[in-house]
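Worksheet for the structure shown next.
Here is the naming used below: chain letters follow the sequence lines, and residue numbers restart at 1 for every chain.
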Amino acid sequence: MIKKQIADNVSEALDKLKLKHTKEFSVEIPNNPDFGDYSTNAALMLAKENQLTPKQMAEKLVKELRKNKQFKSVEIAGPGFINFRIAASLYQIMLWDIHKQGKNFGSSDYGKGEKVLIEFVSANPTGPLNIVSARAAAFGDTLYRLMKKVGYEPAREYYVNDAGNQVDILAESLELRLREIQGENIGEFPYEAYHGEYVKHLAQKLNATEGVRVFMMPEKERTEHLKEFALREILEMQRQSLERFDVQFDNWVSERTLRQEGVVEEVLSYLTEANCTYEKDDAIWFCSTKYGDDKDRVLMKSDGSITYFVPDLAYHLTKIQRGYTKLIDIFGPDHYGYVPRLKAAFRALNYDENILEIIYLQQVNLYEEGERVKMSKRAGKIVTMDDLISLVGKDAARYFFIARKASAHLNFDLDLALQKSNENPVYYCQYAHARICSILRKARQENIYPRYFKHALIRKLNRPEEMALIQKMTALPDLLIDIVNKREPHLLANYTHELCALFHHFYNRYRVINPKRIELSQSRLLLIETVKHTLGICLDLMGISAPEKM
RNA sequence: GCGCCAGUAGCUCAGCAGGAUAGAGCAGCAGCCUUCUAAGCUGCGGGUCAGGGGUUCGAAUCCCUUCUGGCGUGCCA
């Protein structure tokens, strides 16, 4: 809010002084408070084009800018930075403005209602969700919340790969376990099959309800039946895990359904019409090399079955047909090699490939007693999303996942998370919120309320710690837009932590409630209530609860 | 081999569309509860921003290069 105002002030000053300004300059909050509340590099950036030295340039600007009463001071520093100190009165007005906005603070129409489809998690329906899925869930959901906040119309979608090879293997695994339960000697459990305990549980459940009846069906029917059962159960399991994580999807799209609707044939015909398929070695290929991929890709295998790529491409095309103008896919690191062919297909079919945006999440490594935990899905030896939530709780897990940027590997120390102590930074933020609530409760008991706006009242606020809190809060609306543009929700975690730090400093320095100084108390209550709203907004965007008490 | 991601304090990581003295948490040491929540605060120590070149008023940030680690490179999904 204030940044933009200052930038406008500088532009006005430049116009008045008839100085050129073709290059962009920035307004920043300096890390060193000695350099003021805000600072601009305008003189450094624009000196050259005006044939002045940065210092001369800065002097002219400063003279003009000092006429503005919102600035307590405007100084030149270093090689030609212009440093501003903001008058307390401006901060006071800002505070009131933020307070009035309540839960809407930070909301904007920046996205102009653009329809964005965020696809994430989309794990194979062959087992419980793992840690990477948990990371994807936290990341995708927070991105969704952020985009909504700044005026996009986003939707969350989960693509269910319920038609491929893997599901067949799942059905076979289930059948073997079922035979085992019924006393049959199945020999050694096949290497490729799913070894996880959950398959046994599913088999037990099926055995309890249907028993040997399963084996009275003809083989084909039986396989279908087992598949249906396993898919239903596992999807429900995944849905519940996500719910525990406070992640909901607007839409679950089934690959099988898509196939039944004939999209596979449709896509193949599109690609054929576009003249980019050919036959070789009994298979049908897509010449993706022509469109930037590093090798051609098989569409239909020599056994007549279709590759994963075809229905997935079809699925992406339905997103466009459904009116989305931005498609964001959140992928794990194992999909790197996959994206060029998807982009190639977009190009081949004359869609703007820039509609499709991929965010790669790097892998998550778990550490236990300083050792990396080795996991193997095949062997059924994995730490699941549910395990993690049970272990560290939803709030902590979400915070951990969001606090690291997507492109960085994430080392998750289980011992540390297990300790459930103050080592976990999420408590730091939640504690600030609970603390504020506690003060507000106390104030109510003493019949002191923050509600009423009076100039005399907010003018009581002038301490550096108070100004710092207000300054931090005013930065939120721009920050949210910046975060969305960069697709980097971890910046929100940083911000939240910083805001809380400012509050804890303030708290330790000053008393809020002081019956002898009612107006000061009221003004500080107004301040901390505003911090509470702001903090609540941040936590909510991350899907972390904001406790009233701890 | 090629591609992607990473290398910043003892550990985990911020900072990177160039900006002033590189930050936080944890770990270590020393303090702060008769007053609104000590899951907090204050102070101290801790760095060749992997190495080397370059671009410029200025580089952790941009370019080139070397080294190290991870991942990817299926007629799997």
Phosphate-side-chain proximity, [X] and [N], N/O vs OP1/OP2 below 4.0 Å:
X: A:Ser407; N: B:A6; result: yes
X: A:Lys295; N: B:C2; result: no
X: A:Tyr399; N: B:G25; result: no

What parts of residues 276-287 of chain A reach RNA chain B, counting only heavy atoms under 4.0 Å away?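 RNA chain B contact set from residues 276-287 of chain A: A:Asp281, A:Ala283, A:Trp285.
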Pairs meeting criterion salt bridge (Lys or Arg N to Asp or Glu O under 4.0 Å) with involvement of residues 29-42 of chain A, two or more places apart: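 Sorted result for residues 29-42 of chain A: empty, none.
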Throw together a table of side-chain donor-acceptor distances under 3.5 angstrom for residues 493-506 of chain A, partners on residues two or more places apart or in other chains.
unit_1: A:Tyr495; atom_1: OH; unit_2: A:Lys472; atom_2: O; d: 2.7
unit_1: A:Thr496; atom_1: OG1; unit_2: A:Leu492; atom_2: O; d: 2.6
unit_1: A:Glu498; atom_1: OE1; unit_2: A:Lys472; atom_2: NZ; d: 2.6
unit_1: A:His504; atom_1: ND1; unit_2: A:Arg435; atom_2: NH1; d: 2.9
unit_1: A:His504; atom_1: NE2; unit_2: A:Tyr428; atom_2: O; d: 3.2
unit_1: A:His505; atom_1: NE2; unit_2: A:Ala501; atom_2: O; d: 3.4

Check this for me: A:Lys4, atom NZ, are more than 12 non-hydrogen atoms of other residues, nucleotides or ligands nearer than 6.0 Å?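 Counting other residues, nucleotides and ligands, NZ of A:Lys4 stays at 12 neighbours or fewer.
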Quiz item: cation-pi between A:Arg524 and A:Tyr510, 6.0 Å / 45°: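 Yes, A:Arg524 lies over the aromatic ring of A:Tyr510.
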Do A:Glu255 and A:Arg259 meet the salt-bridge criterion of a basic N to acidic O distance under 4.0 Å?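 Salt bridge flag = yes for A:Glu255 with A:Arg259.
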For the ring pair A:Tyr336 and A:Tyr360, is the centre-to-centre distance below 6.0 Å?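 Close enough - the centres of the two rings lie under 6.0 Å apart.
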Check whether the ring centres of A:Phe35 and A:Phe81 lie less than 6.0 Å apart, and answer yes or no.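 No, too far apart.
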Looking only at the side chain of A:Tyr427 (C-beta and beyond, no hydrogens), which of the listed nucleotides B:C76, B:C41, B:A39 gets closest?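 Per side-chain heavy atoms of A:Tyr427, the pick is B:A39.
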Summarise protein proximity over [range] in one line of letters, 5' to 3': B for base, S for sugar-phosphate only, - for none, counting protein heavy atoms closer than 4.0 Å.
range: nucleotides 17-22 of chain B; answer: --BBB-
range: nucleotides 7-15 of chain B; answer: -----SSSS
range: nucleotides 28-38 of chain B; answer: -------BBBS

Do A:Glu157 and A:Tyr315 have a side chain donor and acceptor closer than 3.5 Å?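 Side chains of A:Glu157 and A:Tyr315: pair found under 3.5 Å.
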Check against ring pair (Phe, Tyr, Trp, His ring centres under 6.0 Å), A:Phe249 and A:Phe120: CA-CA 9 Å; A:Phe249 284 85; A:Phe120 58 108; 4.7 Å; yes
Between A:Lys460 and A:Gln522 (side chain of the first, backbone of the second, donor and acceptor by atom type, cut-off under 3.5 Å), is there such a pair?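 Not confirmed, A:Lys460 side chain does not pair with A:Gln522 backbone.
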